[in-house]
Amino acid sequence: MLLGVAGGIAAYKSAEILRRLTETGHSVRVLPTASALEFVGAATFEALSGHPVRTGVFADVPSVPHVKLGQEADLVVVAPATADLMARAAQGRADDLLTAALLTARCPVLFAPAMHTEMWEHPATRANVELLRSRGVVVLEPASGRLTGQDTGPGRLPDPAEIADLARLLLERADALPRDLAGRRVVVSAGGTREALDPVRYLGNRSSGRQGYALARVAAQRGAAVTLVSAHTSDLAAPAAVDVVHAGSAAELREAMLAAAKGADAVVMAAAVADFRPVSLVGHKIKKSAAEPDPLRLAKNPDILVELVGGREPGQMVVGFAAETGDEHHDALHYGREKLVRKGCDLLVVNAVGDGRAFEVADNAGWLLGADGTESVLANGSKGLLASRVWDAVAARL
Ligand code: CTP
C-alpha cells in the first residue's frame, strides 16, 4: 500500500492511519509531500512504516521509485488530500514522488480530503473532485465539525479508523464505493437498545453497532444523504457525512425511525431491538435488602420493522436483519426465510450467529434474501463488505 500525505494540519492524523493500515499485515510506504513534512517529521513515518521516506523523484534513482511504487501498489490512500494535491492529481502533474506514483498506479485509489469548508466548496475544488471521481478515484466525503481555529463545517478528515475501514473495503472489493446512491435519502438503525429497570440498570444485548455504522458509512460514501439512528454501541465514532440521531430504548428508536423514514428511499433496520421491556420502571435504585428478588415482569415491544413495512411509502425499500443460530430442527437459513415472510420486508440479511460469529467482531457473513425470491450468499468479509453488498441490492431495486 502507498499512503500519500499532503500538507494540511490533518497530516498529524496520518500517523494513526498509517498504524492502522500496517495492522492489516500489508507493507505500507509513506509518500508525503514536502509540505506534509512541515507538519509531521519523516522519522515518524519511517519508524511506523519501516521504510525510508522521500518526497522527490531524485532519491534512489537506480530503483526508479516514481514508476515502481505506483506499479507495485495494491492500494493508494491519500490522507489528508488537500485542495492543492487534488488539483495536481486532477491535472495529471508529476512534480513530486506522490503525484508521479498516482500516475503510475493502476490499483484502487482513495482520497480522504481535509480542508477548510470554503476550499472544499470552491468551484475549482468541486470540479477537481468530480474529475477525479469520473476517472474512478474514490474521493471521500469529508466529515463536518470543528476545523482548525473556531470555524465548523464540512472539511474535516474522517476518523482514522473509518479511513482504514474504507481502505480495507477497497482491498476486498475495488468497486465497493460507486456514487450510485447520489440524490437518495436512506435511514439506518444501529446498535442495541437498553430497556431501563431502574435509574442504574437495564436489559441490553451484545450488539456493537458496527454493522449498522458500516452501512451508514458506505451509503454516505456512495453519495446518499444518511440518517443513522443509533442505539447503544461500543463507543463508535460518528461516520463522516452522516446525520446521527441517538435513541436509547426500543420506544425511542421506534419514534426516531418512524420520523426519519418519512420520504426516505430506503430504510435499514440493523439495530438489535429488545423484544421485551420491564412492565414498570422503578423510580429508585432497586436495593438488595429484600429477602427474595421480585420477579421481572416484561411487556412486549412493538416490532418496528413490521411497522415500517406497514407504513412503507411507494417505491420505498425496507431492509431487515435476522441474527439466527439454528437449532436441532432447522438451520439459520431456514429461520431466515421464515422471518422474511413474517416481516414482509423487501430484503433480509440473515447472519448465522453464535460461536463468536457476528457479534462484537469485525467480520460478518450470511445470506441476502429478497422478497422477489432471490437469494445470495454473503461471503465472509468485513462489515463494510457486507454493507456494500446490501447497498448493491438496494441500488439495483431503486
Ligand atoms: N426488530 C424490530 N423491532 C423489534 C424487534 C426486531 O424492528 N421489536 C427488527 C430488527 O431490527 C431486525 C429484525 O426485526 O431487522 C429481526 O430481528 P430479530 O431479533 O432477528 O427478530 P425477532 O422478530 O425479534 O424474532 P426472534 O427474536 O423471535 O427470532
Side-chain angles (χ1 to χ4, degrees), residues 186-196 202-216 219 227-233 245 247-261 264 266-279 298-312 316-354 357-360 364-371 378 383 386-387 389-391 393-394:
V186 306
V187 184
V188 178
S189 70
T193 67
R194 289 181 183 174
E195 311 301 308
Y202 57 83
L203 296 177
N205 61 65
R206 288 175 55 191
S207 170
S208 66
R210 285 194 198 176
Q211 184 59 67
Y213 273 58
L215 281 155
T227 303
L228 173 63
V229 176
S230 178
H232 296 274
T233 68
V245 177
S249 64
E252 287 167 9
L253 191 98
R254 173 180 174 274
E255 204 171 308
M257 285 305 288
L258 295 180
V267 183
V268 183
M269 276 298 297
V273 185
D275 291 325
F276 305 102
R277 66 180 180 280
V279 167
L298 301 176
K300 213 165 189 176
N301 276 329
D303 192 314
I304 305 167
L305 180 59
V306 168
E307 277 191 71
L308 289 165
V309 167
R312 187 170 30 190
Q316 188 178 65
M317 299 272 314
V318 180
V319 184
F321 269 72
E324 302 289 345
T325 59
D327 56 23
E328 65 276 23
H329 303 296
H330 299 291
D331 61 6
L333 183 57
H334 174 90
Y335 288 115
R337 288 181 183 131
E338 278 188 356
K339 195 165 281 179
L340 173 69
V341 174
R342 195 165 72 240
K343 301 270 185 177
C345 46
D346 301 288
L347 288 168
L348 188 77
V349 180
V350 182
N351 296 131
V353 296
R357 287 176 298 188
F359 287 114
E360 298 159 358
N364 212 349
W367 300 269
L368 184 62
L369 311 184
L378 298 167
K383 291 188 174 178
L386 189 141
R389 298 281 183 215
V390 171
W391 290 123
V394 170

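Remember, it's a predicted structure, so these values are computed and weren't measured experimentally. The residues of the chain are indexed from 1 along the displayed sequence. When a ligand or atom number is given, it counts from 1 through the structure's own listing order.
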- Message: Out of V268, L348, D303, who is nearest to atom 1 (N) of ligand 1 when you count heavy atoms only?
- Response: D303
- Measure the distance from atom 6 (C) of ligand 1 to every protein heavy atom, then report the residue, atom name and distance (to 0.1 Å) of the closest one. K343 NZ, 3.9 Å
- Note on the structure: Closest non-hydrogen atoms of E307 and P302, given as atom of the first, atom of the second and distance, are OE2-CB, 3.5 Å
- Query: Would you say C345 and L340 make side-chain contact, with heavy atoms under 4.5 Å?
  - Reply: yes
- For A271, the ligand 1 atoms with a heavy-atom partner under 4.0 Å come out as 10 (C), 11 (O)
- Message: So does A264 get a backbone contact from the side chain of Q316, meaning a donor-acceptor N/O pair under 3.5 Å?
- Response: yes
- Quick one: does M257 get within less than 4.0 Å of ligand 1, heavy atoms only? no
- Message: Closer than 4.0 Å to some heavy atom of L305 - which atoms of ligand 1 meet that?
- Response: 2 (C), 7 (O), 9 (C), 13 (C), 14 (O), 15 (O)
- Which atoms of ligand 1 have any heavy atom of G320 under 4.0 Å away? 15 (O)
- Item | Protein heavy-atom partner closest to atom 3 (N) of ligand 1 - residue, atom, separation in Å | I304 N, 3.0 Å
- A323 heavy atoms within 4.0 Å reach ligand 1 at atoms 20 (O)
- Message: Which of the numbered atoms in ligand 1 are under 4.0 angstrom from any heavy atom belonging to P302?
- Response: 3 (N), 4 (C), 8 (N)
- Identify, by atom number and element, the atoms of ligand 1 in contact range of A322, meaning under 4.0 Å from any of its heavy atoms. 20 (O)
- Query: For H329, does its backbone N or O pair with a side-chain atom of D327 as donor and acceptor, under 3.5 Å?
  - Reply: yes
- So is K339 close enough to ligand 1, meaning a heavy atom under 4.0 angstrom away? yes
- Sidechain-backbone polar pair: S189 side chain, A270 backbone, donor-acceptor under 3.5 Å: yes
- Task: Verify the distance criterion only: is there a donor paired with an acceptor across the side chains of S230 and Y213 at less than 3.5 Å?
- Result: yes
- Between the CG atom in D331 and the OG1 atom in T325, the distance rounded to the nearest 0.5 Å is 10.5 Å
- Message: Donor-acceptor pair, distance only, cut-off 3.5 Å: does the side chain of E195 make one with the backbone of L203?
- Response: no
- Could you pull out, from D275, V319, L308, the option with a heavy atom nearest to atom 5 (C) of ligand 1? D275
- Protein heavy-atom partner closest to atom 28 (O) of ligand 1 - residue, atom, separation in Å: R342 NH2, 4.5 Å
- Query: So which protein heavy atom does atom 16 (C) of ligand 1 come closest to, and at what separation?
  - Reply: F321 O, 2.8 Å
- Parallel, tilted or perpendicular for Y202 and H232, by the 30°/60° rule? parallel
